[in-house]
Amino acid sequence: LLGKVKQLERAGAADLIVLDAPAAGHAITFLQSARSLLDTVSVGPINAQARDVLELLEDHGRCQVVLVTIPEETPVNEAVETAFSLEDRVGIGLGPIVVNGVYPAIAGLDPDPAAAVGAAEAAHVSLRPGEADALAAAARFRLDRTALQTEQVGRLEAQLPLPQLRLPFLFTTDIGPTEVEHLARAMLTEIEALAGLPA
């Protein structure tokens, strides 16, 4: 598979080739396969193929890994460990890191339930018993979730000083063409901001 990627890259078949690799631990093994072949086969076409693939992987101008994580403690830990393993054990360059599932900030989530009841009455809306408390609990959850992700994104930035491309959390159970389009536009906006391109 890596030989095919090398072949396509050398042929100039596309401006950009994206390979969706396996999960972190498997990806490291996958990317180390060329070096393993070189250690096993010292001459011949397999050796030449492995050498060419290794040359591609180690050329940071031709090949980079873009890690993807979510803003939670364990995934951030795994992304940081994977990044160092990729650089140290594989010798591959790292591109920006994608932080997926980022909750957008919402203003006005901190009023107390009594204020919510007063605001509802002022808007001529009535709340059923317990709704103000449920709204307050939902607001607390969202504020806690936002604080957690802010902490984890900051920790990721401190431990892995790579540009970040942040994609929004989609509040849906299904991902279809509309959601893919939304994420693609968000990714394009992040890339343009990173590159300093006009929107």
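Ring centroids of Tyr103 and Phe141 are separated by 6.0 Å or more, keeping the two rings apart.
Cluster annotation: Leu148 is not connected to Leu143 through the hydrophobic network of ILVMFWY side chains, with a link wherever side-chain heavy atoms come within less than 4.5 Å. Linking ILVMFWY residues whenever their side-chain heavy atoms come closer than 4.5 Å, directly or via other members, places Leu31 and Leu94 in the same cluster. Side-chain heavy atoms closer than 4.5 Å link hydrophobic residues (I, L, V, M, F, W, Y) into clusters, and following such links, even through other members, never connects Val98 to Leu188. Hydrophobic clustering, with ILVMFWY side chains joined whenever heavy atoms are under 4.5 angstrom apart, groups Leu19 together with Val53. Residues Met187 and Leu194 share a hydrophobic cluster, clusters being chains of Ile/Leu/Val/Met/Phe/Trp/Tyr side chains in contact below 4.5 Å.
Residue Glu73 comes nearest to Arg155 through the heavy atom pair O-NH2, 3.2 Å, listed as atom of the first residue, atom of the second, then distance. Across every non-hydrogen atom of Gln164 and Glu190, the tightest pair is O-OE1, 3.8 Å. Closest approach of Ile70 to Pro75, counting heavy atoms only: CG1-CG, 3.5 Å. Across Val102 and Gln149, no two heavy atoms sit closer than the pair CG1-NE2, 3.4 Å. Taking all atoms of both residues into account, the shortest heavy-atom contact from Leu37 to Ala50 is CB-CB, 3.8 Å. Heavy-atom minimum distance, Ile97 versus Thr69: CD1-CG2, 4.2 Å.
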(request) Check the pair Asp52, Arg10 against side-chain contact (heavy atoms from CB on, under 4.5 Å), reporting the backbone distance first and the verdict last. (result) CA-CA 10 Å; Asp52 288 345; Arg10 278 195 174 169; 3.4 Å; yes
(request) Please report the C-alpha distance between Lys4 and Glu9 in whole Å, then the side-chain angles of each, then the deciding distance to 0.1 Å, and finally whether the side-chain contact (heavy atoms from CB on, under 4.5 Å) criterion is met. (result) CA-CA 9 Å; Lys4 184 63 175 178; Glu9 188 269 341; over 6 Å; no
(request) Just do the side-chain contact (heavy atoms from CB on, under 4.5 Å) check on Leu2 and Phe30 with the steps written out, would you? (result) CA-CA 9 Å; Leu2 288 172; Phe30 170 68; 3.7 Å; yes
(message) For a side-chain contact (heavy atoms from CB on, under 4.5 Å) check, start with the C-alpha distance between Val65 and Leu67, then their side-chain angles and the critical distance, and finish with the verdict.
(response) CA-CA 6 Å; Val65 167; Leu67 295 170; 3.9 Å; yes
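From Glu151, atom CD reaches atom CG of Leu156 across 12.5 Å, with rounding to the nearest 0.5 Å. Of the inter-residue distances, the one linking Cys63 atom SG with Leu54 atom CG reads 10.5 Å to the nearest 0.5 angstrom. The distance from the OG1 atom of Thr173 to the CD atom of Glu179 is 9.0 Å, given to the nearest 0.5 Å. Of the inter-residue distances, the one linking Asp133 atom CG with Arg140 atom CZ reads 8.0 Å to the nearest 0.5 angstrom. For the atom pair Thr189 OG1 and Leu167 CG, the distance stands at 10.0 Å (nearest 0.5 Å).
When atom types are taken as modelled, the side chain of His182 and the backbone of Pro168 share no donor-acceptor pair closer than 3.5 angstrom. Between the side chain of Arg51 and the backbone N or O of Ala34 there is no donor-acceptor pair closer than 3.5 Å. Using a distance-only test at 3.5 Å, with no hydrogens or angles considered, no donor-acceptor pair links the side chain of Glu58 to the main chain of Ile92.
Using a 4.0 Å cut-off between a side-chain N of Lys or Arg and a carboxylate O of Asp or Glu, Arg62 and Glu55 qualify as a salt bridge.
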